[in-house]
Amino acid sequence: MWGQGLWAASLLEYHGGCEQRFLKEDAVERFVARFRAFVTAVVSGFDRLVFRGHLPRLMRRGGMFFFLEAAGVRLLEFKDFVVDTTERVKKASLAQARKLDRPVRYLDSPTIDKEDLARQLLAEYPVRQGLICVLTALEPCMTFEYHRSPDRDQRGLRLRPGKCLHLYKYFLHPRFGFMNARIQTWFPFNVQICMNGREWLARQFERQHRPDFKRAGNCFTWLGNPDLAQRRLNQQLTTDWPPALDAIARSLNPLHPMIFEHSPMDYYWSAYHTEWATDVMFTDPRTLADIYPRLVRHATEQFKSPDVMRFLAQKQPHGCFTGDLVTSFKDRPEGIRVKHWVRGNSVKMYDKAGSILRVETTIADTRDFKVLRPSSSDPDATMQWLPLRKGVADLHRRAHVSQRSNDSYLDALAAVDDTTPCAQLFDAVSRPVFDTSGRRARALRLGDRDDLTLLQAISRGEFATAGFRNRDLRPLLDPDISHASPDNVRRLASRVSYRLRLLRAHGIIRKIPKTHRYRLTTRGQLLTAALFAARRANIKQLTAMAA
């Protein structure tokens, strides 16, 4: 497949272009400039990475039947064959733990934290490298069963929900550090691999015996050479993922080549869940503690109301936005976290290890993003902006949009300590302007309810991930849109389009090229921050600040 087979070519094209600059040179400039005296370093890279592997030839329609046919297994023997294969897989997978005398634990409750247990077992049974332990658990899965039906089209082997034993192996991997991998012990033997980019970086430093870093959990509180750390994080994007993940999968199921001897097949790897974090390192915890409350207040009041959790939009018909826009505000023992999420993706901000301000974008649903690539069916075709895939071939693009999201969020936070006079911001949009085509655009009415609602909608924090579209704003501007007729939906869409043109003419938003999405400009961020801060303040507060 093009997605996996041309991974190396994809990387060469990517790193030969201008996109590689985003990883270091242009990141979070405005925010760092605001607090330059207190910031010691800024690094960006993967935090948590969750990969999933499946066997496409087995999963396609009729795939299991043709596999059995090639293996010489009759349908009447199907149950005995799969039960016997499962027992062999479990025995072979656990053989390494038995040989090394590593702990094997069965978990009888889904509430047990597997990572905490693995770290506890590592402390009790220390190892410098290799297998830490194996945890087994009965969990839901999709597996094959023979479906009986009078309808010949419905009869046969089908994937059905069920439960089976899953094996979790925790490693101190020589390259990736502390990580885990899981295999489903029944056909189709799906695999999940979870690792951490910061753990990976620490492993690199430790292997080279570098003393110039301090680590707290999955972050670094001090780096003697931040540029070197950033280069190492950048190099993670050059990883040839399929061979690396295949090697881990083989350690989960050493019998894979034997089971599929008559019908060889490899795993297709997808990035099921990725977290890309930007860490702004402050000089000491007290400095961040002085700044952070203002950032939290700005994030909750400016990007979203300070409710603990609020669902703003229900599922919309007639082609409208179908995701839930959600923000949560949590004061946890280790710090305060503000999180905004939309349709499975999120951006969040929290203070970590005392002196680290972390902004992190999580992507689990790639439908809102595009990547420049040829068609999967014709690798030699002209490059086009096509939907971003979950396959590892598009992981570099996922990193790019995640960094852009972090930058946008931090850039919006930079308005907290901006000294631009409010009069300058308000006056600039309080008079008519002409757009690039020469059409006159009316002044914004900063006291008008409709214009205020629009400005509040476009400044929401969750739009940092992929920007916003006309359809995303409709349920925010008209909560009753879910009950509207198709004609009313079209009329609202036209009104939103007009108002987006108005905002573009005033330089408050800009269009993302090759998309129907928009983002706030620096002017837009300052205007919305100043406007809503002024509206929340009373005369006493304004007089004190102006004195």
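Excluded from the calculations below are hydrogen atoms, water molecules and symmetry mates; all remaining heavy atoms, backbone and side chain alike, are included. Just so we're clear, the structure is a prediction, and the values are computed from it rather than from any experiment.
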Under the criterion side chain to side chain donor-acceptor pair (under 3.5 Å), I'd like the reasoning laid out for Arg519 against Ser408: C-alpha separation, chi angles, the key distance, then a yes or no.
CA-CA 9 Å; Arg519 288 186 182 278; Ser408 296; 3.3 Å; yes
Under the salt bridge (charged side-chain N to carboxylate O under 4.0 Å, His left out) test, residues paired with Asp266 that sit two or more places apart:
Arg250
Do the side chain of Arg232 and the main chain of Phe205 share a donor and acceptor less than 3.5 angstrom apart?
no
Test item: Trp385 and Pro513 side chains (from C-beta on) under 4.5 Å apart, heavy atoms
no
Sub-4.5 Å side-chain heavy-atom contact between Thr136 and Leu107
no
Salt-bridge present (Arg337, Asp351; N to O < 4.0 Å)
no
Heavy atoms, side chains only, cut-off 4.5 Å: are Thr274 and Val50 in contact?
no
What are the two closest non-hydrogen atoms of Pro188 and Thr143, and how far apart are they?
CD-CA, 4.3 Å
Parallel, tilted or perpendicular, judged at 30° and 60°: which one describes the rings of His340 and Tyr409?
tilted
In Å and rounded to the nearest 0.5 Å, what is the CZ to CZ distance from Phe303 to Arg460?
12.0 Å
Answer yes or no: is there a side-chain heavy-atom contact under 4.5 Å between Glu360 and Val347?
no
At their closest point, which heavy atom of Met383 faces which heavy atom of Pro374, and how far apart are they?
SD-CD, 3.2 Å
Option from Phe46, Phe51, Trp269 for which ring pair (Phe, Tyr, Trp, His ring centres under 6.0 Å) with Trp241 holds
Phe51
Quick one: does any side-chain atom of Thr239 pair with a main-chain N or O of Gln236 as donor and acceptor, under 3.5 Å?
yes
Any side-chain heavy atom of Glu199 sitting closer than 4.5 Å to one from Arg215?
yes
Within the side chain of Arg102, is there an N or O that forms a donor-acceptor pair under 3.5 Å with the backbone of Val134?
no
Inter-residue atom distance Gln384.CD - Arg373.CZ, 0.5 Å rounding
9.0 Å
Is Asp279 paired with Arg198 through a side-chain N to carboxylate O contact shorter than 4.0 Å?
yes
For a 4.5 angstrom cut-off between non-hydrogen side-chain atoms, does Arg48 reach Cys194?
yes
To the nearest 0.5 Å, tell me how far Leu201 CG sits from Asn218 CG.
11.5 Å
Any carboxylate oxygen within less than 4.0 angstrom of a Lys/Arg side-chain nitrogen, looking at Arg404 and Asp407?
no
Tell me, which pairs form a salt bridge (Lys or Arg N to Asp or Glu O under 4.0 Å) where one or both residues lie in residues 122-139, sequence neighbours left out?
Lys114-Glu139, Glu139-Arg182
Do the side chain of Ser270 and the main chain of Tyr272 share a donor and acceptor less than 3.5 angstrom apart?
no
Between Gln192 (side chain only) and Gly53 (backbone N and O only), is there a donor and an acceptor less than 3.5 Å apart?
no
How many angstroms lie between atom CG of Leu117 and atom SG of Cys133, to the nearest 0.5 angstrom?
6.5 Å
Test Lys169 against every option in Leu252, Leu135, Ile132, Leu94 by the side chain to side chain contact (heavy atoms under 4.5 Å, CB included) rule and name the one that passes.
Leu252
Only one of Ile356, Thr40, Val42, Asn406 forms a side chain to side chain contact (heavy atoms under 4.5 Å, CB included) with Val280, so which one is it?
Val42
Within the side chain of Glu145, is there an N or O that forms a donor-acceptor pair under 3.5 Å with the backbone of Arg158?
no
Tell me, with the steps shown, if Leu55 and His256 meet side chain to side chain contact (heavy atoms under 4.5 Å, CB included).
CA-CA 11 Å; Leu55 300 169; His256 182 94; 3.9 Å; yes
Let me know which of Tyr268, Phe189, Tyr267 forms a ring pair (Phe, Tyr, Trp, His ring centres under 6.0 Å) with His54.
Tyr268
Stepwise, does the side chain to side chain contact (heavy atoms under 4.5 Å, CB included) test hold for Leu386 with Leu372?
CA-CA 6 Å; Leu386 298 172; Leu372 187 63; over 6 Å; no
With Asp212, which residues qualify under salt bridge (charged side-chain N to carboxylate O under 4.0 Å, His left out), at least two apart?
Arg210
Start with the C-alpha gap between Ser355 and Met281, add the side-chain angles, then the distance that decides, and say whether side chain to side chain contact (heavy atoms under 4.5 Å, CB included) holds.
CA-CA 6 Å; Ser355 60; Met281 303 179 190; over 6 Å; no
How would you list, by chain and number, every residue that makes a side chain to side chain contact (heavy atoms under 4.5 Å, CB included) with Ala414, sequence neighbours excluded?
Arg30, Phe31, Arg34
Any donor-acceptor pair under 3.5 Å from Thr366 side chain to Leu388 backbone
yes
So, Gln184 side chain and Trp186 main chain: donor-acceptor pair closer than 3.5 Å or not?
yes
Side chain to side chain donor-acceptor pair (under 3.5 Å) between Thr361 and Ser402, worked out
CA-CA 6 Å; Thr361 294; Ser402 297; 5.4 Å; no
Could you walk me through whether Leu167 and Leu165 pass the side chain to side chain contact (heavy atoms under 4.5 Å, CB included) check?
CA-CA 7 Å; Leu167 303 182; Leu165 193 73; 4.1 Å; yes
Output the distance between atom CG (Asn196) and atom CE (Met179), rounded to the nearest 0.5 Å.
11.0 Å
Quick check for you: to the nearest 0.5 Å, what is the distance between Arg88 atom CZ and Ser93 atom OG?
13.5 Å
Please tell me if the side chains of Tyr168 and Ile183 come closer than 4.5 Å, counting only heavy atoms from C-beta onward.
no
Locate the shortest heavy-atom distance separating Gly344 from Ala364; write the atom from each residue and the value.
O-CB, 3.6 Å
For Phe178, what residues pass the ring pair (Phe, Tyr, Trp, His ring centres under 6.0 Å) criterion, not counting sequence neighbours?
Tyr170
Between Asp116 (side chain) and Asp113 (backbone), is there a donor-acceptor pair under 3.5 Å?
no
Centroid separation under 6.0 Å, is that true for the rings of Phe187 and Phe144?
no
Any side-chain heavy atom of Leu233 sitting closer than 4.5 Å to one from Trp200?
no
Can you check whether His173's main-chain N or O pairs, donor with acceptor, with Arg203's side chain at less than 3.5 Å?
yes
What orientation do Phe81 and Phe67 show, parallel under 30°, tilted 30 to 60°, or perpendicular over 60°?
tilted
Salt bridge (charged side-chain N to carboxylate O under 4.0 Å, His left out) between Asp365 and Arg343: does it pass, once the steps are laid out?
CA-CA 7 Å; Asp365 188 334; Arg343 196 152 51 186; 5.0 Å; no
Applying ring pair (Phe, Tyr, Trp, His ring centres under 6.0 Å) to Phe282 and not counting sequence neighbours gives none
